[in-house]
Amino acid sequence: MLNEAALQALASFQAASDAAPVLSLYLNVDPLQRTTDTYKLALRHLLDSVDGVVPKEDRARVERYVELEYDWQGRGLACFSCAAEDFWQAFPLRVPVDDQVFVGRRPYIKPLSDLLDTYTRYGVVLVDREGAHVFLFHLGELEDVAGVAGEDVKRHKQGGWAAARFQRHEEETAYRTLKEAAEMVSDIVRRGQCRYLILGGTDENVARFAEVLPKHVQPLVVGTMNVDITASPAEVGEKSLAVIHQANAARKQALVDQLVTTAAKGGPAALGLKDTLMAVYAGRAHHLVVDDEAMAEAYRCDHCGYVDVEAAEACPLCGSSLRKLPDAVDSLVRWALTQGIDLTVVSSKEQRVDAGFVGALLRY
């Protein structure tokens, strides 16, 4: 299962030499977009594009997994193989990915970083006057379900004093149910089981529930959807993915705007690959932002860690030789993961940035 620990393990692996590199492959297997034959044709084209560059054993390992081991239940697939060092990782994903193949001494992890940033651990709370259901998802996959069932609440339409008394009782009962549900959600948040919340139900019930949520929980609500409390987990999961995607697109745009504005005012921010590389190398970066299609070569000194976008005969700091990095942006992502730097992958197709955007908010 893909999680932060698995991504850290990928980030730390490095092939011993360029002669036995790591094959990284992402495949869109979404049944809503492709048939099985279409997936397999796309897989063959990806592998053919690196034929002669990647060892035949790695190609065979990926093909064997897709043909014999993968259960075809997901919407995306990520595979990493370095047969020379007995390294193999495969991640079936409940969210789709774009087709990509990459060969290098390290696994290509930028797309996985984006998925974890966008779809990691969110909760959907469906509420009505009689109870609430909480669905906890990770990368679109259901992990847990919890619920609160209150007393049966029915609106009385008769007039008179007795009817008014019954109505007050029903309103109080519904309020207690919502409060109990809010406390349950608060406990879930306190235990770190979800990062975002989506509220579902009628507009009236969602509004009333939002009002009784504790103040420390309210900022986690990123969207709402009109879904009945009896909806199936599959329906809830599918509709919630769209809400999460939209909310994260807005969050990422706000971050990009903050970064660009800070840099324009001469504040603590770096823009462009060269300046961002230097900021990360110097330990000044605290939030890295990269376009999902950004890719550029750079040069690194394996002795002292110095990195530059320009080739040189020797490292200007220690005099050792420099090694060419096939994708400096993916290296930035890896350093962010290993150094505890916040990371956000944006899309030039969705956010107002130029293709290849790279930048960072700095500590100072």
Side-chain angles (χ1 to χ4, degrees), residues 1-3 30-32 73-75 93-96 115-156 167-251:
M1 178 181 178
L2 177 62
N3 52 32
D30 188 351
L32 300 177
Q73 297 300 307
R75 300 175 67 179
L93 305 165
R94 294 290 181 180
V95 290
L115 292 182
L116 275 178
D117 179 49
T118 303
Y119 299 109
T120 188
R121 309 205 184 284
Y122 64 91
V124 180
V125 188
L126 303 186
V127 294
D128 65 12
R129 291 167 57 83
E130 298 179 16
H133 289 161
V134 181
F135 300 84
L136 298 178
F137 293 94
H138 176 64
L139 293 174
E141 186 169 355
L142 183 66
E143 289 195 325
D144 200 4
V145 179
V148 168
E151 299 177 31
D152 188 30
V153 178
K154 297 180 180 178
R155 289 185 178 272
H156 290 264
Q167 189 65 48
R168 285 196 301 272
H169 171 72
E170 291 160 2
E171 292 294 338
E172 291 170 358
T173 300
Y175 180 77
R176 286 198 302 270
T177 299
L178 291 178
K179 284 287 289 183
E180 186 178 351
E183 291 171 2
M184 177 181 66
V185 172
S186 180
D187 288 340
I188 290 172
V189 170
R190 191 177 297 112
R191 293 194 297 268
Q193 290 180 269
C194 69
R195 180 178 172 189
Y196 307 116
L197 287 171
I198 298 172
L199 307 185
T202 66
D203 292 343
E204 178 185 1
N205 288 330
V206 166
R208 294 187 66 187
F209 183 69
E211 290 177 356
V212 300
L213 278 174
K215 291 193 179 298
H216 74 279
V217 177
Q218 291 178 4
L220 302 185
V221 177
V222 296
T224 63
M225 56 188 193
N226 199 319
V227 181
D228 191 84
I229 195 171
T230 60
S232 68
E235 180 183 355
V236 174
E238 189 66 27
K239 290 186 175 181
S240 66
L241 281 177
V243 177
I244 283 292
H245 181 84
Q246 184 178 8
N248 272 284
R251 174 182 65 86

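Heads up: numbering here begins at 1 and tracks the sequence.
Side chains of Ile198 and Val125 form no contact here, defined as non-hydrogen atoms less than 4.5 Å apart. Using a 4.5 Å cut-off on side-chain heavy atoms (C-beta onward), Leu199 and Val127 make no contact. Here the side chains of Leu2 and Leu93 are in contact, with some heavy-atom distance below 4.5 Å. By the 4.5 Å heavy-atom criterion applied to side chains, Tyr196 and Leu220 are not counted as neighbours. Looking only at side-chain heavy atoms (C-beta outward), Arg195 and Asp117 come within less than 4.5 Å of each other. Pro214 has its side chain out of reach of Glu183: every pair of non-hydrogen atoms, C-beta onward, lies at least 4.5 Å apart. In this structure the side chain of Val95 reaches within 4.5 angstrom of the side chain of Leu241, judged on heavy atoms. Using a 4.5 Å heavy-atom threshold, the side chains of Val145 and Val134 count as separate.
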Only pairs under 3.5 Å count here: list side-chain donor-acceptor contacts from residues 223-231, not counting sequence neighbours, and write none if there are none.
residue, atom, partner, partner atom, Å
Asp228, OD2, Thr230, N, 2.9
Asp228, OD2, Thr230, OG1, 2.4

**Message:** As a quick check of understanding, evaluate side chain to side chain contact (heavy atoms under 4.5 Å, CB included) for Asp128 and Thr202, giving each step before the final call.
**Reply:** CA-CA 8 Å; Asp128 65 12; Thr202 66; over 6 Å; no

**Stepwise side chain to side chain contact (heavy atoms under 4.5 Å, CB included) test for Leu139 and Arg94** = CA-CA 6 Å; Leu139 293 174; Arg94 294 290 181 180; 5.7 Å; no

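The pair Arg176-Glu180 does not count as a salt bridge, with every side-chain nitrogen at least 4.0 angstrom from each carboxylate oxygen. A salt bridge between Arg75 and Glu238 is present, with a side-chain N of the basic residue lying under 4.0 Å from a carboxylate O of the acidic one.
Classified by interplanar angle (parallel below 30°, tilted 30° to 60°, perpendicular above 60°), the ring pair Phe137/Phe135 is parallel.
Counting only residues at least two apart or in different chains, side chain to side chain donor-acceptor pair (under 3.5 Å) contacts with residues 135-147 comprise Thr120-His138, Arg121-Glu143.
Across Leu136 and Gly123, no two heavy atoms sit closer than the pair CD2-CA, 3.9 Å. Closest non-hydrogen pair, Ala146 versus Met184, comes out as CB-SD, 3.9 Å. Here the shortest heavy-atom pairing between Pro233 and Leu142 reads CB-CD2, 3.7 Å. The minimum heavy-atom distance linking Pro31 with Gly74 is given by the pair CD-O, 3.7 Å.
With rounding to the nearest 0.5 angstrom, the OG atom of Ser186 is 13.0 Å from the NZ atom of Lys215. Between the CD atom of Gln193 and the OH atom of Tyr122 there is a distance of 15.5 Å, given to the nearest 0.5 Å. To the nearest 0.5 Å, atom OG of residue Ser240 and atom CG of residue Leu126 are 9.5 Å apart. Lys179 contributes atom NZ, which lies 10.5 Å from atom CZ of Phe209 (distance to the nearest 0.5 angstrom).
For the residue pair Asn205/Arg208, the side-chain donor-acceptor check at 3.5 Å is not satisfied.
For Gln246, the CD atom counts as loosely surrounded, since its 6.0 Å shell holds 12 or fewer non-hydrogen atoms of other residues, nucleotides or ligands.
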